[in-house]
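The structure appears below as structure tokens.
A, B, ... follow the sequence lines: proteins, then strands. Residue 1 opens every chain.
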There are 2 protein chains.
Amino acid sequence: MPLTEAGIYAAALRLIDEDGVEALTMRKLATALDANPMSLYYHVPNKDAVLRGVARMVGAQFRTVKSEDAPWQERIRLLATDFRTLAQRHPRFMGYSFSLQSDFIQPDDPFWIELTAILDAAGVPHSELSHFTALVGFAINGVLTAELTGTLHRWSSLKPPTDGEDGLTPPGLDENRVFHLALDTIIMGLEGQLAVFGEGQGADH
Amino acid sequence: MPLTEAGIYAAALRLIDEDGVEALTMRKLATALDANPMSLYYHVPNKDAVLRGVARMVGAQFRTVKSEDAPWQERIRLLATDFRTLAQRHPRFMGYSFSLQSDFIQPDDPFWIELTAILDAAGVPHSELSHFTALVGFAINGVLTAELTGTLHRWSSLKPPTDGEDGLTPPGLDENRVFHLALDTIIMGLEGQLAVFGEGQGADH
DNA sequence: ACCTGAACACCGTTCAAGT
DNA sequence: ACCTGAACACCGTTCAAGT
């Protein structure tokens, strides 16, 4: 099996899934590919490019059902959960790339394009469209990152037991609850904002 | 000036403010202190401890006005902006510690305690208190992190010019708008959720 | 008690050289 | 066209030794 660019990215992702991004090393990556560490540099300029390649690879897997006729609330929920299930397939990489979002998050990613379209359809004024897209996207991102990096999990274990119960919440259940609660709250907030826009319009004309 | 633990943290923070966390090195830190790299290890167990020390140092600077008589909406806004101004004093460190939040974010930090108190006062049921605290905290965190790491800024430059204007938004203004928009939206969402709790209570009794 | 030098086991990357 | 070895400039950290 000869060395290829795609093969390098795939192997890198495999290593990251196992041991996390911080453990990825050009030298380890090479030995995982049964290759000389220096051979990688013929196919790839440097380590940073490997990470970007992995990001492109994972990002390309993102699929979301196009349901343009559904109400925008439902569409946001769908988009967010689709994105979440993708993120959960590679939690260590996504947790990293979301947080150290230096160059990984681009406004022309399918997620953001779809989110913009949904908010547009919902009635967000064009002048505020990018603001609201950023707000919703990064707020969800914040909750999801906390989930992926395990911060959320370390929290819920500190939660008071549910009134005399055994005190052990089934694993993942709390994460689910917080994520959907966040979605609900943001959507409700958007509904409120849209109502404000409506009022302003009514008063002006 | 002899080497001290606090002095090491202070110097580390100074270096991070200038060049970012990823540029911090035990060896650079030592030369910045006019010391032998190995001398640090007498005062500090390892690099990770240095980062944690810096986190404690920065976190200790957090102050928020206690305004228990104000409406909870105002209290959330105040807490969030207080936290934001602290974060903006050390954007590179805060951007890092928020994202790689492995061990930096603790539920017993003053920010979270105050946020919990506010949401409690707002009427969030005790069984859901930690969920809502997490939701609000990490959503705000997500937007703030995007601001600190510059992701938000790289975005707004892609914004369509405001209809025939010069197309240049004053720097920082967009960040301000998005942050406060996020606050408003989350608060509105919380109001909605609280209304739901109210209904449920009314129907049950 | 506080500091130091030498050393170890790692990194990413370059570059001239091999096939 | 593809791979390799040697080498460079870095890391964090240990440890025995100095004052």
Side-chain angles (χ1 to χ4, degrees), chain A residues 1-58 92-93 95-97 99-104 149, chain B residues 1-58 92-93 95-97 99-104 149:
Chain A
M1 49 196 84
L3 235 35
T4 62
E5 205 187 325
I8 291 175
Y9 299 149
L13 181 55
R14 228 174 299 126
L15 287 186
I16 290 172
D17 281 341
E18 286 168 17
D19 300 326
V21 179
E22 61 289 342
L24 181 70
T25 276
M26 293 302 272
R27 292 169 134 105
K28 281 191 211 157
L29 179 54
T31 60
L33 285 161
D34 258 322
N36 182 296
M38 299 312 124
S39 306
L40 300 181
Y41 285 91
Y42 179 78
H43 302 274
V44 133
N46 52 37
K47 186 178 178 180
D48 221 68
V50 173
L51 259 359
R52 277 202 308 276
V54 173
R56 232 182 307 113
M57 201 177 201
V58 174
R92 319 188 78 151
F93 179 74
Y96 167 84
S97 76
S99 52
L100 265 303
Q101 52 206 179
S102 350
D103 277 320
F104 293 106
T149 58
Chain B
M1 50 197 83
L3 235 36
T4 62
E5 204 187 325
I8 290 175
Y9 299 149
L13 181 55
R14 227 175 301 127
L15 286 186
I16 289 171
D17 281 341
E18 286 167 17
D19 300 325
V21 179
E22 62 288 343
L24 181 70
T25 276
M26 293 302 271
R27 293 168 134 106
K28 281 191 212 160
L29 179 54
T31 61
L33 285 161
D34 258 323
N36 182 296
M38 297 314 124
S39 307
L40 301 181
Y41 285 91
Y42 178 79
H43 304 272
V44 134
N46 52 37
K47 185 178 177 179
D48 221 68
V50 173
L51 258 0
R52 276 202 309 277
V54 173
R56 234 182 307 113
M57 201 177 201
V58 174
R92 317 188 79 150
F93 179 75
Y96 167 85
S97 76
S99 51
L100 265 302
Q101 52 205 178
S102 352
D103 277 320
F104 293 106
T149 58

Quiz item: The side chain of A/Ser39 lies closest to which of these nucleotides: C/dG12, D/dG12, D/dC3?
Solution: D/dC3

Exercise. Check whether any side-chain heavy atom of B/Thr4 lies under 4.5 Å from a side-chain heavy atom of B/His43, and answer yes or no.
Key: no

Quiz item: In whole angstroms, how far is the P atom of C/dC11 from the NZ atom of B/Lys47?
Solution: 15 Å

Quiz item: Is there side-chain contact between A/Leu40 and A/Leu33, with heavy atoms separated by less than 4.5 Å?
Solution: yes

Quiz prompt | Integer-rounded Å distance: D/dG12 C1' and B/Glu22 CD | solution = 17 Å

Practice problem: Give a yes/no on whether any side-chain N or O of B/His43 is located under 4.0 angstrom from OP1 or OP2 of C/dC3. | Solution: yes

Quiz item: B/Leu40 CG to D/dT14 C1': how many Å, rounded?
Solution: 14 Å

Quiz item: Where each residue is assigned the nucleotide of DNA chain D containing its nearest heavy atom, which of A/Leu3 and B/Met26 is assigned the position nearer the 5′ end?
Solution: A/Leu3

Quiz prompt | Whole-Å distance separating the CZ atom of B/Arg27 from the P atom of C/dC10 | solution = 15 Å

Quiz item: Considering every strand shown, what is the Watson-Crick or G-U wobble mate of C/dC2 when both distances are under 3.5 Å?
Solution: D/dG18

Self-check item: Proximal nucleotide (of C/dC3, C/dC11, D/dG5) relative to the A/Asn36 side chain
Solution: D/dG5

Exercise. Measure from the side chain of B/Tyr41, starting at C-beta and using heavy atoms only, and say which of D/dC3, D/dT14, C/dG12 lies closest.
Key: D/dT14

Quiz prompt | B/Val21 versus B/Phe93, closest heavy-atom pair with distance | solution = CG2-CA, 4.0 Å

Practice problem: Could you pick out which residue, A/Ala23 or A/Pro45, lies toward the 5' side of DNA chain C when each is mapped onto its nearest nucleotide? | Solution: A/Ala23

Quiz item: Nearest heavy-atom pair of B/Leu15 and B/Leu29: which atoms, and what distance?
Solution: CD1-CA, 3.8 Å

Quiz item: Tell me: CE of A/Met38 to P of C/dC11, nearest whole Å?
Solution: 11 Å

Exercise. Identify which nucleotide among C/dT13, D/dA1, C/dA1 has an atom closest to any side-chain atom of B/Tyr42, counting heavy atoms from C-beta outward.
Key: C/dA1

Quiz item: How far apart are the closest heavy atoms of B/Ala12 and B/Val50, and which atoms are they?
Solution: CB-CG1, 3.8 Å

Quiz prompt | Gap between atoms NZ and P, on B/Lys28 and D/dT13 respectively (whole Å) | solution = 15 Å

Quiz item: Considering only side-chain heavy atoms of B/Asn46, which listed nucleotide, C/dC11, D/dC11, D/dT13, is closest?
Solution: D/dT13

Self-check item: Any-strand Watson-Crick or G-U partner of D/dC8, both distances under 3.5 Å
Solution: C/dG12

